[in-house]
Amino acid sequence: MREKAIIRSLWLSFQYIKEMKVNKTRFCPSPTGLLHLGNLRTSLFSSLLAKKDNGSFLLRIEDTDLERSKKEFSVAICNDLKWMALDWDEGPEVGGKEDSYYQSERIDLYEEFYNTLLEKDLIYPCFTSEEELKIIRRNQIASGQPPRYTGVWSNATEEEVRDELDKGNKPVYRFRIPKDRTIEFKDLVKGEQSFSTVDLDDFIVRKKDNTPTFMFANAIDDSLMGVDLVLRGDDHLSNTPRQIALLEALGLSLPTYAHVSLFTGSDGAPLSKRNGSISINDLREQGYLPIAVANYLSRVGHTISDNDLKTYGELADSFKIDNISTSPSKFDKDQLLYWQKKAVEDLNIDECKGWLKDSLEDLPSSIDKEDFIALIKDNINFPHEAQDYLNNLFLTPLGERSEIIDVIKSAGKDFYLQAQEVITSEIIDWNETAKNIGSTTGKKGKELFMPLRCAITGQTKGPELDRVVNLIGTQQVIKKLKEASEL
RNA sequence: GGCCCGUUCGUCUAGUGGUUAGGACAUCUGGUUUUCAUCCAGGCAACAGGAGUUCGAUUCUCCUACGGGCUACCA
């Protein structure tokens with residue numbers, strides 16, 4: 001017996017030394033709201049870890065809270081994940097060996113485990129109402145006691161239980177937490193953990209309406225579904241010993257745990273609109289590229305030694321669970337923007353076309369879409385900026401562009417009239433033409449180029465003028481110079 | 001109240017019992033681009049505080065402070 005234990009512990013430590021290979025990771029959101037960057041990062045980590053070892057990534061919808069769970073949220077969550085290219089190998093829509101990946105549809109399956117636990121007297125019905133519990137808790141706190149379940153029903157007689165049942169009262173079921181035990185586990189991020197069960201309450205595993213609690217369904221499903229690495233938020237760290245106790249009681253396999261620290265808003269408070277965080281949907285609508293978001297998220301709370309923009313495959317290869325940080329991190333929009341710049345830079349013209357699809361609808365038909373994209377690509381980070389270029393170049397009258405009006409006025413009517421006179425034929429070489437305008441008007445340097453730029457492009461900045469002129473053509477240049485001269 | 005997790009430039013982070021504590025983003029200053037973006041060069045900027053161990057602590061230990069979590073018929 002003792003030898004067996006020694007061999008087992010040797011084997012366990014060997015497992016730690018020999019780097020653990022991940023078979024299956026999971027993400028299990030509850031559809032009570034939209035995904036935020038924090039959830040998304042956790043799911044990205046899980047997905048990358050699975051990909052790295054050629055394992056699979058599972059999605060499970062934890063909709064056991066019947067009141068707060070909404071179908072529309074689970075749809076939105078799936079869409080957000082798909083947009084991010086965090087495709088799951090098993091779960092809603094794609095299926096798998098489970099009948100359902102929605103916990104609300106697995107209620108019958110949990111019944112069997114309740115029965116087992118009941119037979120073994122590991123759970124017991126409790127009739128203390130929520131109101132009573134609240135009062136008890138308040139009194140405990142007031143008298144300096146730790147707020148605990150007092151356990152009045154843990155050793156109730158069959159008669160007492162029958163009485164309540166006869167009165168039509170519905171019980172919740174509590175798990176009998178083993179007393180005087182220490183539950184130990186190794187967290188892959190936080191290290192060795194040790195919890196004494198005297199600090200743990202008999203927690204509820206089944207609610208009055210017969211639905212399972214998170215503590216129960218989450219642990220059981222992970223085990224049943226063969227998840228071997230549970231990577232989740234730090235907020236679950238102290239729930240872990242409870243779930244371990246439960247799984248052990250049921251004789252179910254334990255996953256390895258990794259608890260990732262919180263990802264907060266810029267002010268350290270939970271992510272919300274107020275501290276700069278944006279919903280995944282907003283990110284998509286603003287034109288953030290999924291690969292930019294992935295590159296950013298992979299580097300917050302996790303270290304990648306270089307600063308190269310990586311594909312998902314490359315991110316997975318460079319993802320290391322040992323490089324996950326133990327301390328919380330804050331959202332920084334500038335750093336997201338940096339990756340967005342890199343990702344846009346990396347886009348080829350075709351990809352760019354798809355990205356800008358909705359922003360170029362008003363482009364004049366005489367202008368080649370790809371040429372236009374090539375012209376502005378290096379100057380934009382978001383589709384709306386492409387639209388700005390488009391508007392300023394072709395649509396918005398110069399008179400409505402307050403940013404340039406002073407430049408045009410101070411250059412004067414005559415400047416633009418003279419410029420027009422210089423252009424007598426098709427412009428072949430803009431730089432030559434500009435030089436001629438310079439000698440005719442007597443202007444040079446900034447005095448020459450800025451008024452021309454403003455009139456022709458409708459703004460003070462942008463790509464090189466000769467490229468712009470090349471794209472829009474002589475007639476458009478003349479039209480703009482005329483417009484400027486009439487202001 | 002109990003239990004647990006955490007604290008390195010403004011931000012994301014690297015790192016070590018002896019380092020000029022490194023990088024990136026942001027910011028600032030120059031240069032290139034007759035604009036802007038890019039690019040290049042450079043600057044500013046951090047070990048939460050206190051005690052202990054030690055020849056020596058940012059690194060190890062303890063305490064304190066601060067932040068966070070769990071202690072829910074939420075997940």
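Quick caveat: nothing in here was measured; it's all calculated off a predicted structure. Letters A, B, ... mirror the listed sequences (proteins, then strands); counts begin at 1.
- In this structure, Y338(A) reaches the sugar-phosphate backbone alone: every heavy-atom distance under 4.0 Å involves primed, P, OP1 or OP2 atoms, never a base.
- Nucleotide U27(B) has G43(B) as its partner under the Watson-Crick or G-U criteria, with both atom distances under 3.5 Å.
- As the counterpart of A48(B), U64(B) is assigned, both hydrogen-bonding distances of the Watson-Crick or G-U wobble pattern falling under 3.5 Å.
- Taking the charged nitrogens against the carboxylate oxygens, D317(A) and K310(A) have no contact shorter than 4.0 Å, which rules out a salt bridge.
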Indicate for each nucleotide in nucleotides 68-75 of chain B, in 5' to 3' sequence, whether protein heavy atoms under 4.0 Å reach the base (B), only the sugar-phosphate (S), or nothing (-). SBSSSBBB

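- Spacing of C1' atoms, C47(B) relative to U19(B), comes out at 13 Å, to the nearest Å.
- Taking 4.5 Å as the limit, some side-chain heavy atom of F382(A) sits within range of a side-chain heavy atom of L337(A).
- Nucleotide C9(B) forms a pair with no other nucleotide shown, judged by Watson-Crick or G-U wobble geometry with both contacts under 3.5 Å.
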Indicate for each nucleotide in nucleotides 39-50 of chain B, in 5' to 3' sequence, whether protein heavy atoms under 4.0 Å reach the base (B), only the sugar-phosphate (S), or nothing (-). ------------

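- Across every strand in view, U20(B) sits unpaired, with no contact that passes the Watson-Crick or G-U test at under 3.5 angstrom.
- Across all strands shown, A57(B) forms no Watson-Crick or G-U wobble pair with both distances under 3.5 Å.
- The same atom, C1', is picked in C9(B) and in A48(B); the two are 14 Å apart, to the nearest Å.
- For N307(A), counting side-chain heavy atoms from C-beta on, the closest listed nucleotide (C25(B), G6(B), A24(B)) is A24(B).
- Judged by Watson-Crick or G-U wobble contacts below 3.5 Å, the nucleotide C3(B) has G69(B) as its partner.
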Could you write out each protein N or O paired with an N or O of nucleotides 59-62 of chain B at a distance under 3.5 Å?
none

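- Ring centers of W153(A) and F127(A): under 6.0 Å apart, within the cut-off.
- Using a cut-off of 4.0 Å between Lys/Arg side-chain N and Asp/Glu carboxylate O, R106(A) and E62(A) are scored as not salt-bridged.
- Aromatic ring centres of F57(A) and F27(A) lie farther apart than the 6.0 Å criterion allows.
- With ring centers used as reference points, H236(A) lies under 6.0 Å from F214(A).
- Heavy atoms of R453(A) sit under 4.0 angstrom from at least one base atom.
- Contact check on K70(A) versus D65(A) returns no salt bridge, with no Lys/Arg side-chain nitrogen under 4.0 Å from an Asp/Glu carboxylate oxygen.
- Base pairing of U32(B) is not made with any nucleotide, judged by Watson-Crick or G-U wobble geometry with both donor-acceptor distances under 3.5 Å.
- K190(A) comes within 4.0 angstrom of the backbone, heavy atoms only, and of no base.
- Salt-bridge formation is not detected for the pair E345(A)/K342(A): no Lys NZ or Arg NE/NH1/NH2 atom is positioned less than 4.0 Å from an Asp or Glu carboxylate oxygen.
- Near-neighbour residues of RNA chain B inside residues 458-470 of chain A, defined by a heavy atom below 4.0 Å, number-ordered: T460(A), K461(A), G462(A), P463(A), E464(A).
- Ion pairing of K480(A) with E483(A) is present here, as a side-chain N (NZ or NE/NH1/NH2) and a carboxylate O approach within less than 4.0 Å.
- F203(A) meets the ring pair (Phe, Tyr, Trp, His ring centres under 6.0 Å) test with F175(A); sequence neighbours excluded.
- Among the heavy atoms of the strands lying under 4.0 Å from F195(A) are primed sugar atoms or P, OP1, OP2 only; no base atom is included.
- Near RNA chain B, meaning a heavy atom under 4.0 Å from it, residues 400-410 of chain A has no residue at all.
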